[in-house]
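Single-structure report; data block below.
All heavy atoms count here, side chains included; hydrogens, waters and symmetry mates do not.
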Amino acid sequence: MSHSPLQEPTRLVLTALADAPRHGYAILQEVLAITGGRTKMLTGTLYTALDRLLQQGLIRIHHEEVVSGRLRRSFALTEQGRSILAEEASRLRADATEAERRLTLGGPRPATPRTATPRTAAPRTNVRTA
(Lines give C-alpha, C1' and ligand atoms only; values in the text may rest on other atoms or scores of the structure.)
Protein backbone atom coordinates (compact mmCIF):
# COMPACT_ATOMS: atom_id res chain seq x y z
CA MET A 1 0.00 0.00 0.00
CA SER A 2 1.52 3.30 -1.07
CA HIS A 3 0.81 6.50 0.82
CA SER A 4 1.79 10.13 0.64
CA PRO A 5 5.03 11.07 2.38
CA LEU A 6 4.45 11.67 6.08
CA GLN A 7 4.73 15.16 7.51
CA GLU A 8 7.64 15.50 9.93
CA PRO A 9 5.56 15.66 13.16
CA THR A 10 3.65 12.51 12.14
CA ARG A 11 6.84 10.64 11.25
CA LEU A 12 8.52 11.68 14.50
CA VAL A 13 5.56 10.63 16.68
CA LEU A 14 5.31 7.26 14.95
CA THR A 15 9.07 6.77 15.29
CA ALA A 16 8.92 7.66 18.99
CA LEU A 17 6.29 4.95 19.47
CA ALA A 18 7.99 2.30 17.32
CA ASP A 19 9.91 0.59 20.13
CA ALA A 20 7.60 1.09 23.12
CA PRO A 21 4.32 2.70 24.23
CA ARG A 22 4.78 6.21 25.65
CA HIS A 23 2.78 9.02 27.21
CA GLY A 24 2.82 12.57 25.84
CA TYR A 25 5.79 13.99 27.74
CA ALA A 26 7.87 10.89 26.96
CA ILE A 27 7.03 11.26 23.26
CA LEU A 28 8.26 14.87 23.37
CA GLN A 29 11.52 13.70 24.97
CA GLU A 30 11.92 10.94 22.38
CA VAL A 31 11.46 13.44 19.54
CA LEU A 32 14.32 15.48 21.01
CA ALA A 33 16.48 12.33 21.21
CA ILE A 34 15.56 11.12 17.71
CA THR A 35 16.46 14.47 16.16
CA GLY A 36 19.57 15.05 18.25
CA GLY A 37 17.88 18.06 19.85
CA ARG A 38 17.19 19.77 16.51
CA THR A 39 13.40 19.51 16.81
CA LYS A 40 11.44 20.54 19.87
CA MET A 41 7.83 19.64 19.24
CA LEU A 42 5.26 21.91 20.83
CA THR A 43 2.66 20.32 23.10
CA GLY A 44 -0.20 21.55 20.90
CA THR A 45 1.43 20.03 17.82
CA LEU A 46 1.88 16.73 19.63
CA TYR A 47 -1.70 16.41 20.86
CA THR A 48 -3.14 17.48 17.51
CA ALA A 49 -1.02 14.77 15.85
CA LEU A 50 -2.02 12.18 18.47
CA ASP A 51 -5.74 12.90 17.98
CA ARG A 52 -5.39 12.62 14.20
CA LEU A 53 -3.30 9.43 14.39
CA LEU A 54 -5.86 7.86 16.75
CA GLN A 55 -8.66 8.66 14.29
CA GLN A 56 -6.61 7.26 11.39
CA GLY A 57 -5.99 4.03 13.30
CA LEU A 58 -2.19 4.42 13.22
CA ILE A 59 -1.89 4.52 17.01
CA ARG A 60 -4.05 3.30 19.89
CA ILE A 61 -4.42 4.12 23.56
CA HIS A 62 -2.23 1.62 25.39
CA HIS A 63 -3.03 2.62 28.98
CA GLU A 64 -4.97 5.28 30.88
CA GLU A 65 -4.58 6.34 34.49
CA VAL A 66 -5.33 9.36 36.64
CA VAL A 67 -2.19 11.00 38.04
CA SER A 68 -2.55 14.02 40.34
CA GLY A 69 -6.15 14.45 39.22
CA ARG A 70 -5.26 14.43 35.52
CA LEU A 71 -5.86 11.74 32.93
CA ARG A 72 -2.57 10.33 31.66
CA ARG A 73 -2.65 8.22 28.51
CA SER A 74 0.08 6.19 26.92
CA PHE A 75 -0.02 5.46 23.20
CA ALA A 76 1.24 2.58 21.06
CA LEU A 77 1.57 1.90 17.34
CA THR A 78 -1.04 -0.25 15.67
CA GLU A 79 -0.02 -2.77 13.00
CA GLN A 80 -1.19 -0.29 10.38
CA GLY A 81 0.94 2.45 11.97
CA ARG A 82 3.96 0.13 12.04
CA SER A 83 3.43 -0.71 8.36
CA ILE A 84 3.10 2.97 7.35
CA LEU A 85 6.25 3.88 9.31
CA ALA A 86 8.20 1.00 7.71
CA GLU A 87 7.08 2.16 4.26
CA GLU A 88 8.11 5.74 5.07
CA ALA A 89 11.53 4.60 6.33
CA SER A 90 12.04 2.67 3.10
CA ARG A 91 11.04 5.70 1.00
CA LEU A 92 13.41 8.00 2.92
CA ARG A 93 16.23 5.45 2.63
CA ALA A 94 15.74 5.23 -1.15
CA ASP A 95 15.70 9.03 -1.46
CA ALA A 96 18.88 9.36 0.62
CA THR A 97 20.62 6.62 -1.38
CA GLU A 98 19.78 8.38 -4.64
CA ALA A 99 20.97 11.73 -3.29
CA GLU A 100 24.29 10.18 -2.21
CA ARG A 101 24.67 8.44 -5.58
CA ARG A 102 24.17 11.67 -7.47
CA LEU A 103 26.56 13.56 -5.20
CA THR A 104 29.33 11.10 -6.04
CA LEU A 105 28.85 11.27 -9.81
CA GLY A 106 31.86 12.99 -11.27
CA GLY A 107 33.34 13.87 -7.90
CA PRO A 108 33.63 17.40 -6.55
CA ARG A 109 32.61 20.13 -8.92
CA PRO A 110 34.24 23.54 -9.04
CA ALA A 111 32.05 26.47 -8.31
CA THR A 112 30.86 28.05 -11.50
CA PRO A 113 30.42 31.78 -11.75
CA ARG A 114 26.88 32.92 -12.09
CA THR A 115 26.11 34.38 -15.44
CA ALA A 116 23.78 37.26 -15.79
CA THR A 117 20.46 36.39 -17.30
CA PRO A 118 19.74 38.31 -20.49
CA ARG A 119 17.34 41.16 -19.97
CA THR A 120 15.02 42.61 -22.47
CA ALA A 121 16.34 46.01 -23.43
CA ALA A 122 14.06 48.95 -22.91
CA PRO A 123 12.95 50.49 -26.21
CA ARG A 124 15.18 53.36 -27.31
CA THR A 125 13.65 56.73 -27.80
CA ASN A 126 14.73 59.11 -30.49
CA VAL A 127 15.81 61.97 -28.31
CA ARG A 128 18.79 64.06 -29.22
CA THR A 129 20.71 66.09 -26.80
CA ALA A 130 22.38 69.29 -27.85
Side-chain angles (χ1 to χ4, degrees):
M1 169 173 112
S2 185
H3 66 86
S4 300
L6 298 177
Q7 295 294 318
E8 185 176 51
T10 298
R11 181 176 43 80
L12 291 172
V13 169
L14 294 178
T15 301
L17 295 173
D19 60 342
R22 291 189 167 82
H23 58 80
Y25 181 76
I27 294 170
L28 294 174
Q29 295 306 301
E30 281 299 303
V31 167
L32 280 172
I34 290 164
T35 64
R38 291 181 311 275
T39 301
K40 181 177 181 181
M41 187 177 288
L42 300 175
T43 305
T45 301
L46 172 65
Y47 284 99
T48 298
L50 290 172
D51 287 343
R52 184 174 35 76
L53 294 169
L54 279 167
Q55 286 188 354
Q56 292 173 338
L58 301 182
I59 64 171
R60 64 181 174 79
I61 296 171
H62 173 70
H63 181 73
E64 289 182 320
E65 64 181 327
V66 176
V67 177
S68 301
R70 296 183 62 169
L71 181 62
R72 180 174 173 174
R73 290 179 172 171
S74 62
F75 302 89
L77 278 184
T78 62
E79 285 305 312
Q80 182 184 4
R82 187 168 297 284
S83 175
I84 294 290
L85 181 59
E87 187 178 323
E88 180 73 358
S90 179
R91 185 190 67 77
L92 290 171
R93 191 176 312 109
D95 287 353
T97 298
E98 181 61 13
E100 289 170 344
R101 184 188 73 79
R102 288 176 182 235
L103 284 169
T104 60
L105 291 176
R109 312 243 168 156
T112 56
R114 292 177 58 133
T115 57
T117 56
R119 288 196 246 175
T120 306
R124 290 189 169 245
T125 58
N126 294 327
V127 176
R128 289 190 168 188
T129 57

(request) Could you tell me the separation between the NE2 atom of His23 and the CD atom of Glu65, rounded to the nearest 0.5 Å? (result) 8.5 Å

(message) Could you check whether atom CD of Glu79 has more than 12 heavy atoms from other residues, nucleotides or ligands sitting under 6.0 Å from it?
(response) no

(message) Using a 6.0 Å cut-off, check whether atom CD of Gln7 has over 12 heavy atoms from anything other than its own residue.
(response) no

(message) Do Thr10 and Arg52 have side chains that approach each other closer than 4.5 Å (heavy atoms only, starting at C-beta)?
(response) yes

(request) Enter the distance from Arg22:CZ to Leu77:CG here, rounded to the nearest 0.5 Å. (result) 10.0 Å

(message) Between the side chains of Arg91 and Glu87, is the shortest nitrogen-to-carboxylate-oxygen separation below 4.0 Å, so that they form an ion pair?
(response) no

(request) Check whether any side-chain heavy atom of Leu53 lies under 4.5 Å from a side-chain heavy atom of Gln55, and answer yes or no. (result) no

(request) Enter the distance from Arg60:CZ to Arg73:CZ here, rounded to the nearest 0.5 Å. (result) 13.5 Å

(request) Quick one: closest heavy-atom pair of Gly57 and Gln80, and the distance? (result) O-OE1, 3.6 Å

(request) Report yes if the side chains of Leu14 and Arg11 come closer than 4.5 Å at any heavy-atom pair, otherwise no. (result) no

(request) Can you measure from CG (Leu54) to CZ (Phe75) and round to the nearest 0.5 angstrom? (result) 5.5 Å

(request) Check for a donor-acceptor pair, side chain of Glu88 on one end and backbone N or O of Leu6 on the other, with a separation under 3.5 Å. (result) yes

(message) Could you see if Ile84 belongs to whatever hydrophobic cluster contains Ile34? Use Ile, Leu, Val, Met, Phe, Trp, Tyr and a side-chain cutoff under 4.5 Å.
(response) yes

(request) Inspect the surroundings of CZ in Arg70 and state if more than 12 heavy atoms from other residues, nucleotides or ligands are less than 6.0 Å away. (result) no

(request) Give a yes or no answer on whether the side chain of Arg82 reaches the backbone of Ala18 with a donor-acceptor pair at less than 3.5 Å. (result) yes

(message) Check whether Ser74 reaches the backbone of Pro21 with its side chain - one donor and one acceptor, N or O, closer than 3.5 Å.
(response) no

(message) Please report the interatomic distance CD(Glu30) to CG(Leu12), rounded to the nearest 0.5 Å.
(response) 11.0 Å

(message) Using the rule that Ile, Leu, Val, Met, Phe, Trp and Tyr join whenever any side-chain heavy atoms are under 4.5 Å apart, tell me whether Ile61 and Ile59 fall into a single cluster.
(response) yes

Would you be so kind as to tabulate the donor-acceptor pairs closer than 3.5 Å made by side chains of residues 41-51, with sequence neighbours excluded?
| from | atom 1 | to | atom 2 | distance (Å) |
| --- | --- | --- | --- | --- |
| Thr48 | OG1 | Gly44 | O | 2.8 |

(request) Hey, could you give me the CZ/NE2 distance between Arg72 and His63, rounded to the nearest 0.5 Å? (result) 8.5 Å

